[in-house]
Amino acid sequence: MDIDQKLKISLSKGLSDLYQVYLEPDQLVLQPTRKEFEGTHTFVTFPVAKQAKKSPPVIAEELGEYLLENEAIIAGFQVVKGFLNLTLKHLIWLEQLKVMEKQEKWWQASDKNQLAVVEIASPNTNKPLHLGHLRNIFLGFSVCNILEAAGYQVRKVCIVNDRGIHICKSMVAYQKFGNGDSPQNSNTKGDHFVGDYYVKFDQVYKQEVSQLVESGVAPAEASREAAILKEAQTLLKSWEANDEDTLALWQKMNQWVYDGFSQTYAQVGAHFDKIYYESDTYVLGKDIVQEGLKQGVFYKKDDQSVWVDLTDEGLDEKLILRADGTSVYITQDLGTADLRYQDFKFDQSVYVVGNEQDYHFQVLIKILKKLGRSYADGMYHLSYGMVDLPGGKMKSREGTVVDADHIVEEMINTAETHTTELGKIEALDREEAQALYKILGLGALKYFLTKVDPRKRILFNPEESIAFQGDTGPFIQYTHARISAILRKADAMGLPLDFSPQKINTLHSSEQGLIYLLTEFPHKIETAAADYAPSVIAQYVFELAKEYNRFYAEVSIFSEPEPNTRQFRVVLSQQTAKVIRKGMNLLGIDVPERM
RNA sequence: GGUUCCGUAGCUCAACUGGAUAGAGCAACUGCCUUCUAAGCAGUAGGUUCGGGGUUCGAGUCCCUGCGGAAUCACCA
């Protein structure tokens, strides 16, 4: 049984035996003992002091004695003020390790028989992906991995924003300046090719606006009346009218973008179970509007536009359908929510979308609840902060973006530079070396983006490259590579991966610390899943790697004369490596065998 | 202006959801490679947790208030 659970049961018994205080084991809070004190588990007695009618230190003392007598796994206790610090017997830790050894994936939670759908990435098709998308993608896929480890079924979906004025802008610019060029001819990745025309559009547009302003037109009017913008709007109209040529161009350019995206997705290891295209879904939601009107949840204004009143929820009135009967963003999102539920019958639906849409999702979920959609209770907006540059927000139009492909390539190059400087690749051939650089470069990038609380915005300074030392992906990967070397050596020596707990009478603090951390892994997965927080896993794996490095520096494995102890240390190393690997995989990161 | 989020060491971030003397990593300084990989380990230094009130045994965490930053409040998506 779980150590925590066992202790809680005994504590609960102790409280009732000693003080007639009746609390369920689950109501008791046990916390890890701070490093500066002896012990691993701490029970805080302050909360029960009133009921027990004694002072916290006295309770701690008496409970400690009680446990020492009645709970076999306790070796001793220390009382500091109202804190009862418990020390477990060495054997308990060693047996915990034995338990892990017996099961291949001892951290995997049992099947919850629940389905979670996670929406990730959701790019526009008029420009390439940037660092912000990477944060979204890494966060999203990591959450999927974590949910799976926590026992959920997971489906990954992506909704591609393939229609609208933005793609028409790229289309107009291509019509005017493209000269029939193509990504193949110009040797440019498709999404970048199309993105370049988006930038081109903006340049021309700005030029036209300033010309109009110079000729005496008011700035606000000029920005509406610029000729190229008018052309883009005309193009959007003919797209909506199903004009053949327009649709053909639209399809051609979108395909270029998809080809480009596919390359980027493949490079960073992203793949989706289902892709929705907005050109298919943007008409959805109108049925819901009718339904809402019938239910009296929505109402019509004089001009025939449809609204919902959320003032009782502390929000505003919100437009649902324009006076001319065309839909707005929220209309189609209502529709896609229904569609997604029809498609998957999910228990949870997670939207990985930037925090600029906090309000939108608040409104969306509230409306769905008003409409009586019970699935809305399982909806969650995983909101994350923007990735900012020192100069402020990234803007595709102005070219002030950190391009996804570029940063990935740069990270891989940096990994190569570091590795060659350290001169550690002599054993690897060219192909292996390239694979290693990719593992390291992407590892550094993914760790950098997932270790932070999603809500916080990330400041990315291109001048300072992402580090490879300290609290980084490569640090953890390095720890894994070190352990791999040990396991190779143990294997070559023919050491059996087995040991007898009874024959070991002392544990180094790092050994006990490692086993303790290993036993925490399933709990960390659980909290990470409950909070949709990859950062929990990132911090945990870092902690584990640090503890192993301490062990590595202070405890020798192969110069240990006692065979059983030596084998114990190899097993401990092996389990640590497994958890590091799995933990990093939860973040979408690979670990190398050597580096 | 309303709403939401954020403010912790010089910098980047933690703090187990109200617990002990607020912890890590960078950067700085000191040591440690003839030993299982030094992308490492050990140590020194660095704090009025934005300010001010309150709640209680106990507050970085909860409440109120002021300041600073971000997002949003579009018939854009």
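Letters A, B, ... mirror the listed sequences (proteins, then strands); counts begin at 1.
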Which salt bridge (charged side-chain N to carboxylate O under 4.0 Å, His left out) pairs, counting each pair once, include a residue from [range], with sequence neighbours left out?
range                       : value
residues 560-578 of chain A : Glu104(A)-Lys578(A), Glu511(A)-Arg569(A), Glu560(A)-Arg569(A)
residues 522-545 of chain A : Lys35(A)-Glu543(A)
residues 438-452 of chain A : Lys451(A)-Asp471(A)

Fit a plane to each ring of His133(A) and His130(A), take the angle between them on a 0 to 90° scale, and name the class: parallel (under 30°), tilted (30 to 60°) or perpendicular (over 60°).
tilted
What side-chain donor-acceptor pairs closer than 3.5 Å can you find for residues 357-367 of chain A, not counting sequence neighbours?
unit_1	atom_1	unit_2	atom_2	d
Gln357(A)	OE1	Tyr329(A)	OH	2.7
Asp358(A)	OD1	Ser383(A)	OG	2.9
His360(A)	NE2	Asp333(A)	OD2	2.8

Contact list (N/O, under 3.5 angstrom) for nucleotides 61-63 of chain B vs protein:
none

Base-pairing string, 5' to 3', of RNA chain B - Watson-Crick or wobble, under 3.5 Å, | interstrand:
(((((((..((((.....[...)))).(((((.......))))).....(((((..]....))))))))))))....
What are the atom names and distances for every N/O pair under 3.5 Å that joins the protein to nucleotides 1-7 of chain B?
unit_1	atom_1	unit_2	atom_2	d
C6(B)	OP1	Arg455(A)	NH1	3.1

For every nucleotide of nucleotides 26-39 of chain B, 5' to 3': is a protein heavy atom under 4.0 Å from its base (B), only from its sugar-phosphate (S), or from neither (-)?
S---------BBSB
Table please: side-chain donor-acceptor pairs of residues 532-541 of chain A below 3.5 Å, with sequence neighbours left out.
unit_1	atom_1	unit_2	atom_2	d
Tyr532(A)	OH	Gln348(A)	OE1	2.4
Tyr540(A)	OH	Leu517(A)	O	2.6

For RNA chain B, what residues of residues 525-538 of chain A have any heavy atom nearer than 4.0 Å?
Asp531(A)
CD of Glu547(A) versus C1' of A42(B): gap in Å, rounded?
14 Å
Taking only N/O atoms, report every protein-nucleotides 19-21 of chain B pair under 3.5 Å with atom names and distance.
unit_1	atom_1	unit_2	atom_2	d
G19(B)	O2'	Gln31(A)	NE2	3.4
A20(B)	OP2	Arg34(A)	NH1	2.6
A20(B)	N6	Thr42(A)	OG1	2.8
A20(B)	N6	Asn85(A)	OD1	3.1
A20(B)	N1	Asn85(A)	OD1	3.1
A20(B)	N1	Asn85(A)	ND2	3.2
U21(B)	OP1	Lys81(A)	NZ	3.0

With sequence neighbours excluded, tell me which residues meet ring pair (Phe, Tyr, Trp, His ring centres under 6.0 Å) with Phe475(A).
Phe542(A)
